[in-house]
Protein chains: 2
Amino acid sequence: MKPYQINELERLTGIKAHTIRIWEKRYGLITPLRTSTNRRYYSDDEVRKLLNVSTLLSKGHKISKIACLTEIEFTNELLAENSLLKSNNSYEGLINDLLKSMLNFDEQSLESIFQLSVTRHGFYNTMLHVVYPFLNKVGMLWRIDEAETAQEHFATAVIRRKLQAATEALPKAINKGNKFLLFLPEGEWHDTGLLFADYVIRSKQHESVYLGQNLNQESLLKVLQVVKPDYLLLFYITARPIEEIRKQLLLFAGHNEITVLVTGTPSLISNLDLGVSNVVCLSSVNDLFDYL
Amino acid sequence: MKPYQINELERLTGIKAHTIRIWEKRYGLITPLRTSTNRRYYSDDEVRKLLNVSTLLSKGHKISKIACLTEIEFTNELLAENSLLKSNNSYEGLINDLLKSMLNFDEQSLESIFQLSVTRHGFYNTMLHVVYPFLNKVGMLWRIDEAETAQEHFATAVIRRKLQAATEALPKAINKGNKFLLFLPEGEWHDTGLLFADYVIRSKQHESVYLGQNLNQESLLKVLQVVKPDYLLLFYITARPIEEIRKQLLLFAGHNEITVLVTGTPSLISNLDLGVSNVVCLSSVNDLFDYL
DNA sequence: CATTTTGTTTAATTATTTTCAAACAAAGTT
DNA sequence: AACTTTGTTTGAAAATAATTAAACAAAATG
């Protein structure tokens, strides 16, 4: 893996460069290697670690306490906060089975578990209560270095195929519902959730224009002049300044007759306080389902 | 659109920074705006322009001649080289219909044209002779500033859905063929072609492990220890030093019993001369089809 | 074979980023 | 109220990246 400079680390984690430095000095939290000319460089491991520190911070832990934890205690706190333990009844087994199949790149097994879940709980519940928690867990495993990027790619590819096939199989809308425009802003690459939203919207007989990942602002604004949707739906997952999000949402909301539905990482979207009536923060896809 | 510095422009186009400067000085080919402190910054328009210059160069045009062309002549040369005019018989009409639908974000129309083509020419021929040229044409329209990123996103999303639904509908392989590992290396984001390759491979009853876009080298190497495929299939589309590609391919090919199938931009993969027997360059998906 | 075209190399100047230490300020704790 | 924790600000030195001009060298052209 290519090494990151401190500024890239800031971009990836959303933690300011001088804060990263002072943590290093005061607590020795993350002690990066140096180039021959004394510049810090960080590996994937350190990105992971810092992301995890950031998570614990956002959950109310103090940096001084975090710094005192051993590696094992640290991981435990993290798992506790993300409540992977939250053994939500009958789904937990399926999720763990999916994990095992993923780690072995076993597509047949992955598919049959998925199929089993669909017959048992239906497609919607499978996505919401099995696949979603599964993907979260995969992300968490990556964060504690127990899973590879490739394994996540493999699993999401299968899931996406299922999702798109299911969407394709839906009866075509008879042009009665509202028109939704779905996209992820620049820098956002994980569109599996958005594909599920697309499925949900279409299943409720609404019209959907799906634009996918990493769409820049200017391009979107031009689209709005052509498409005239009733709703925008977008996610903010990746770390970035809240102010940037606020500005962008207000810009989108400025178009008459549009309602902006936004969801994503709670710390990014929960305390926006836009003071505008046509921006609605949803906390999950289930909220979207209810909203429709 | 955010402005690019000269180094980012180098990364995006594969043309060295000092070459970009000297072209500016000698021919005034691209005259970027400057910051208040005299640094060059480039917009999307200039990225496009430089990509196009690069294309003409690779087709044997001289930089001095290119510099003399008017904007219109320039576009004409470009279109001629990319032989969009190559009106390959009965497909041309369908392609243009798709374009029209895309520009209007008209999914219903896009779908019915696709369906028409499938019934007329079959799924495989539709992908190969309609969708592929269509996507090329879209890329070209973006290059000459006649299409938006969003329109391409919209069209590819529909096509990907069709592709994945078709793949999903294939009868499951009975574990008899070879095992393929499909992925795009770091920095490669356009996996529609790879999805089609996935479809082709599965349709020929081979086994496929699909890992998708932007997979880093280390991660892939770890996968190889678990998955043990007979074949690797990967694309290089985005500009990068040939030497980097060569090194990476040799690394992949170094694993015993593996055949590496590689395709992508002709200028990147045609003159690799690896001197290894287990790396095969394919010039198109049709080559893959024949190969299987 | 001389000339032109073209990209690379060199060297000096300026701008930006990283580094470190120390002071500062807001908030929570004792 | 004094102290602790925590992140930000300030300022100066070092490293990196961008700027220009001029010289260089390989390949194509005449």
Open item on the list: Atom NE2 of residue position B:H61 - does it have more than 12 heavy atoms of other residues, nucleotides or ligands inside 6.0 Å?
Closed with: yes

Open item on the list: Measuring only between side-chain heavy atoms, which start at C-beta, is A:R143 closer than 4.5 Å to A:T55?
Closed with: yes

TODO: Heavy atoms only: give me the nearest A:P3-A:Y41 pair and the separation to one decimal.
DONE: CB-CD1, 3.6 Å

Open item on the list: By nearest atom, which of the nucleotides D:dA23, D:dT6, D:dT19 is closest to the A:I63 side chain?
Closed with: D:dT6

Tell me whether the side-chain N/O atoms of [X] come closer than 4.0 Å to OP1 or OP2 in [N].
X     : N      : value
B:Q5  : D:dA17 : no
B:N7  : D:dA18 : yes
A:S64 : D:dT4  : no
B:K62 : D:dT29 : yes

Task: Pair of N/O donor and acceptor under 3.5 Å linking D:dA15 base with A:R39 side chain - done: yes

Just how far, in rounded Å, is [atom2] of [N] from [atom1] of [X]?
X     : N      : atom1 : atom2 : value
A:K16 : D:dT6  : NZ    : P     : 17 Å
B:K65 : D:dA28 : NZ    : P     : 16 Å
A:H18 : D:dT10 : NE2   : P     : 11 Å
B:I20 : D:dA17 : CD1   : P     : 16 Å
A:I22 : D:dT4  : CD1   : P     : 17 Å
B:E24 : D:dT19 : CD    : C1'   : 11 Å

Task: Donor-acceptor contact present, side-chain B:Q151 to main-chain B:E148, <3.5 Å - done: yes

Task: Exam field: side chain A:N214 to backbone A:G187, donor-acceptor pair closer than 3.5 Å - done: yes

TODO: Would you give the length of the straight line joining atom CD of A:Q5 to atom CG of A:L9, rounded to the nearest 0.5 angstrom?
DONE: 11.0 Å

Task: Stepwise ring pair (Phe, Tyr, Trp, His ring centres under 6.0 Å) test for B:F183 and B:F235 - done: CA-CA 8 Å; B:F183 72 102; B:F235 296 6; 9.9 Å; no

TODO: Quick one: label A:Y27 by what it contacts on the DNA or RNA (base, sugar-phosphate, nothing), any heavy atom closer than 4.0 Å.
DONE: sugar-phosphate

TODO: Among A:L234, A:L182, A:L233, A:N278, find the residue that satisfies the side chain to side chain contact (heavy atoms under 4.5 Å, CB included) test when tested with A:L261.
DONE: A:L233

Task: 5′-ward residue of the pair B:R26/A:R34 relative to DNA chain C - done: B:R26

Open item on the list: Quick check on DNA chain C: between A:E8 and A:K25, whose nearest nucleotide comes earlier from the 5' end?
Closed with: A:E8

Open item on the list: Nearest heavy atom decides the nucleotide; on that basis, is A:L57 or B:Y41 closer to the 5' end of DNA chain D?
Closed with: A:L57

Task: Chi angles and distances behind the salt bridge (Lys or Arg N to Asp or Glu O under 4.0 Å) call for B:E71, B:K49 - done: CA-CA 10 Å; B:E71 205 49 54; B:K49 176 79 186 238; 3.4 Å; yes

Task: Set of side-chain hydrogen bond (donor to acceptor under 3.5 Å, both in side chains) partners for B:D287, sequence neighbours left out - done: B:S283

TODO: Determine to 10° how strongly the helix from C:dC1-D:dG30 to C:dT30-D:dA1 is bent, judged from the axes of its five-pair ends.
DONE: 20°

- [ ] Please list, in 5' to 3' order, the outermost nucleotides of DNA chain C lying under 4.0 Å from any heavy atom of chain B.
- [x] C:dT5 to C:dT16

